[in-house]
Amino acid sequence: SYKKKIKQLEDDLLFRLSNSSGNLLDDTELIDVLAVTKQTASDVNEKLGNASETNAKITEACEEYRPVAHRATLVYFLIAEYTTVNCMYQTSLRQFNELYELAIDNSAKATMPSKRIGNIIDHLTYSIYLYIQRGLFERHKLVFALMLTNKILISNKTVKQEHVNIFLKGGGSLDINSVRKKPKEWLPDSAWLDAVALSSNPTFFDLQDSIYRNDGLWRQWYDQETPETCKVPDYEDKISKFERMCVVRAIRQDRTLIAAQEYIADSLGKQYIESVPLNMESTWSESHCRCPLICLLSPGADPTKLIEDLAKRKKLKVLGVSMGQGQEVIARKYMAAATQEGQWVLLQNMHLGLAYLQEVEQFLVKAEEIDEEFRLWITAEPHPMFPIGLLQMGIKITNEAPVGMKAGLRNSYSWVTQDMLDVVQRYEWRQLLFVMCFLHSIVQERRKFGPIGWNVPYEFNQSDLSACTQFLQNHLIEMDAKKATQPTWATVRYMISAIQYGGRITDDFDQLLMDTYAEKYFQPSVLDKGVEMFPGYQVPDGSEISHFRQCIENFASQESPEIFGLHANADLTYRALQVTQAIGTIIETMPKTGGGGGGMSREDVVDGICSDLLAKLPHAFGGEDTKEKLKKLPGGPTQPLTVHLRQEVDRLNIIINLTTKTLKNLRLAIAGTIALSGDLIEALDSLFDANIPGFWLKKSWVASTLGNWFAGLLQRFDQLNKWLNNGRPKAYWLTGFFNPQGF
């Protein structure tokens, strides 16, 4: 506006000069305009100078807050990448922006800009983490927290990307025969390969020598039940939490996620590894009439009861319909009525009525008038055809049983209220209520051990706990009325074991196990004050709900399998599988671009792997030469074992030719000679991640890593080659055949 004013005055001055006649000094109006223009120009230049200074200050202040924007970018792109884990994990940029602005408003205020920026970053990260993890299945929550920690520390230059790659891939691309011989047989091949890979991290450059030198100490550390809490031989005083996690991942892979929890807690805070019980009321308060609440279903997790209980407290009516063929008519009628009258609609099992969801999405977007009290609740199993638009409009909720005894008890006592504790004014009621919640966590947690836990994976859920609690409450009220000193234990055990939980149990041995638990936990000694259900799990003695919740927070975060009546080794298989799945999830989610370790590009890394594998890959068995050798074997080419050998040779030739062709074409594609497309893109991604390309697996054998698979190929070739050239062997490697039944 200042510049426009100067321009206007200049134009006026020029107009008067051009139209002036006679002596200019006699034109008083012109001299006045000239004076005004000069004064105005001086004022404007001064104001422009001030504006420029102000603008510089504003820019400087904006730059101070750039770390906030940077953290928001990191978190948003992680959320966007995480949609590949499950099709239901969709969050729109609009939703994220709302959370971002809300976090800035709600974070703690401070006069110092640096303190204020720190407050915003901390509040932003945790509030968005809580929002996202509420809609994640239990198995994906810790993985998300680990990925978030890695991204933040890589961005802060605290951790290097190549070191994260070593942690994720380990020795997956290495062959046990091509590396230094392992020191002793106690160390598994996979652990030694991971240790060899880890030694490329400068901190662990002498790890292999250390294991050779201190074989006894390393074996002692390896045999520990909780190695992540013990001193690491030779490295204890010079490694960070991240590097400790890397050592655990290499030598004791099954304990990786427990070490990861320590790493996350140390880097971001303990709150990122604590389970947060689902609070339906706060979730409802975040929603509005055009924001559906989408509950993701999984075995044993149905939020219907929680929704109905919340509606009762809010004195609102819920119109529920279970979707299926022909149910859309009822759903439409309910939607029309509820949006006008301010009621709730619950559409259950929407994965059976996906066609109607497009209509629901359009209705919520285009409807002109919707009562503010209206809410749409949807329950559905994950389905790739679920409308993305609806997912990005809504709030996602999961209601699975949390992992761990402490988390299970915390979840149960977020459901228990002070009113519930005060229903029966006897300490036996509070004691038995805790024992009941403890037993509920035991039977739920035991499922994670697979067939070792329960022969059949039963869907025990909150309704079982509710029913048992109601029974105990009635029984204690009756006991109080009769002035009895003890509950009728046989009745209590029968109702809990045979009726409530037993109603789901179909296997006789599982029923025996449930009866045994009821026998152990519901007997006179559990009413003693200060009784321990298991060492470290004392029944709290108090009458306030806050006291119980505080005592639960003091329990150990990790429990031994012995609490379930299992051997300590029962954890091994479960945790090893959990780690494999978690690392696989992280690798699949990572962007398929960028460099590998040591400053090499992704393509350079894969080109090196291809070159190495091609150098070791044997040539396929020759056609005529092989036929001649088969004829020379005892019994001739028609002898049954020779027929089997010929079939195995033919099958292995297919694998060798496919592998050779893929590796050669991949090198040509990386060099730019041929186009990189289709199977070659899959092969590039898989080899970079030390995985086996899917189209190789379809025609070959199952293996955990690329190194194991390639070692298997060489061993299979060696067995068939020796048989072909040296005659029938004295012993056979049966699992090395494609068709052992044919043998």
Side-chain angles (χ1 to χ4, degrees), residues 86-90 134-138 278-281 283-284 286-364 367 370-371 373-401 415 458-467 503-504:
N86 190 300
C87 56
M88 306 296 273
Y89 297 166
Q90 299 282 346
R134 181 174 56 199
L136 301 181
F137 290 116
E138 284 296 323
L278 175 63
N279 186 328
M280 274 294 192
E281 190 154 352
T283 307
W284 164 79
E286 289 176 36
S287 67
H288 53 82
C289 57
R290 293 179 189 270
C291 171
L293 295 111
I294 303 164
C295 306
L296 309 184
L297 297 178
S298 57
D302 183 7
T304 305
K305 182 82 167 58
L306 294 174
I307 296 167
E308 289 171 349
D309 289 348
L310 178 62
K312 279 179 192 171
R313 290 201 298 275
K314 298 295 171 189
K315 296 183 173 55
L316 289 164
K317 188 177 178 183
V318 180
L319 305 174
V321 55
S322 185
M323 299 306 290
Q325 191 172 3
Q327 297 301 301
E328 293 87 349
V329 179
I330 300 168
R332 281 191 200 101
K333 187 174 74 174
Y334 284 171
M335 287 286 288
T339 50
Q340 296 302 313
E341 297 169 18
Q343 297 167 339
W344 290 1
V345 173
L346 173 58
L347 303 178
Q348 295 171 287
N349 301 318
M350 272 313 296
H351 51 281
L352 304 177
L354 290 168
Y356 177 59
L357 281 177
Q358 300 285 358
E359 190 181 319
V360 170
E361 183 184 348
Q362 292 303 312
F363 178 84
L364 291 174
I370 299 180
D371 192 289
E373 289 294 325
F374 167 76
R375 291 292 184 277
L376 173 61
W377 299 81
I378 295 172
T379 68
E381 290 178 6
H383 196 288
M385 299 303 291
F386 201 100
I388 290 176
L390 203 59
L391 286 168
Q392 293 191 342
M393 287 164 62
I395 293 173
K396 274 75 65 187
I397 304 166
T398 57
N399 186 35
E400 286 185 301
W415 167 73
Y458 304 106
E459 296 181 8
F460 299 123
N461 58 35
Q462 184 67 33
S463 64
D464 298 310
L465 178 61
S466 301
R504 296 182 188 276

Distance (rounded to the nearest 0.5 Å) between [X] [atom1] and [Y] [atom2]:
X: Cys295; Y: Ile397; atom1: SG; atom2: CD1; result: 4.0 Å
X: Gln343; Y: Tyr334; atom1: CD; atom2: OH; result: 10.0 Å
X: Thr339; Y: Glu373; atom1: OG1; atom2: CD; result: 13.5 Å
X: Asn399; Y: Met280; atom1: CG; atom2: CE; result: 6.0 Å
X: Phe363; Y: Leu376; atom1: CZ; atom2: CG; result: 9.5 Å
X: Leu465; Y: Gln462; atom1: CG; atom2: CD; result: 5.0 Å

With a cut-off of 3.5 Å and sequence neighbours excluded, list every side-chain donor-acceptor pair involving residues 300-310.
unit_1: Asp302; atom_1: OD1; unit_2: Thr304; atom_2: N; d: 3.2
unit_1: Asp302; atom_1: OD1; unit_2: Thr304; atom_2: OG1; d: 2.8
unit_1: Asp302; atom_1: OD2; unit_2: Thr304; atom_2: OG1; d: 3.4
unit_1: Thr304; atom_1: OG1; unit_2: Gln348; atom_2: NE2; d: 3.1
unit_1: Lys305; atom_1: NZ; unit_2: Asp309; atom_2: OD1; d: 3.3
unit_1: Lys305; atom_1: NZ; unit_2: Asp309; atom_2: OD2; d: 3.2

* Asked: Can you list the steps and then say if Leu364 with Leu390 is a side chain to side chain contact (heavy atoms under 4.5 Å, CB included)?
  -> CA-CA 9 Å; Leu364 291 174; Leu390 203 59; 4.2 Å; yes
Quick one: do [X] and [Y] make a salt bridge, cutoff under 4.0 Å?
X: Lys317; Y: Glu341; value: no
X: Glu328; Y: Lys333; value: no
X: Glu359; Y: Arg332; value: yes

* Asked: Can you check side chain to side chain contact (heavy atoms under 4.5 Å, CB included) on Ile395 and Cys291, steps first, answer last?
  -> CA-CA 7 Å; Ile395 293 173; Cys291 171; 3.8 Å; yes
* **Non-hydrogen side-chain atoms of Val345 and Trp377 separated by less than 4.5 Å** => no
* Check: Leu346 and Leu319 side chains under 4.5 Å, non-hydrogen atoms ->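 Side-chain contact under 4.5 Å: no.
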Nearest non-hydrogen partners of [X] and [Y], listed with the distance:
X: Gln340; Y: Asp371; answer: O-OD2, 3.8 Å
X: Phe460; Y: Arg504; answer: CD2-CD, 3.7 Å
X: Phe374; Y: Trp344; answer: C-CD1, 4.4 Å
X: Met393; Y: Glu361; answer: SD-CG, 4.1 Å
X: Met350; Y: Ile378; answer: CG-CG2, 3.4 Å
X: Ser298; Y: Glu400; answer: OG-CG, 3.0 Å

* Test log, rule side chain to side chain contact (heavy atoms under 4.5 Å, CB included), inputs Phe386 and Leu357 -> CA-CA 8 Å; Phe386 201 100; Leu357 281 177; 3.4 Å; yes
Ignoring hydrogens and angles, tell me if any N or O in the side chain of [X] forms a donor-acceptor pair with the backbone of [Y] under 3.5 Å.
X: Thr398; Y: Leu296; result: no
X: Arg290; Y: Ala367; result: yes
X: His351; Y: Glu381; result: yes

* Asked: Do Arg375 and Ser287 have side-chain atoms, one donor and one acceptor, less than 3.5 Å apart?
  ->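 Short answer, yes.
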* To do: Assess whether side chain to side chain contact (heavy atoms under 4.5 Å, CB included) is satisfied between Leu347 and Tyr356, documenting all intermediate values.
  => CA-CA 11 Å; Leu347 303 178; Tyr356 177 59; 4.1 Å; yes
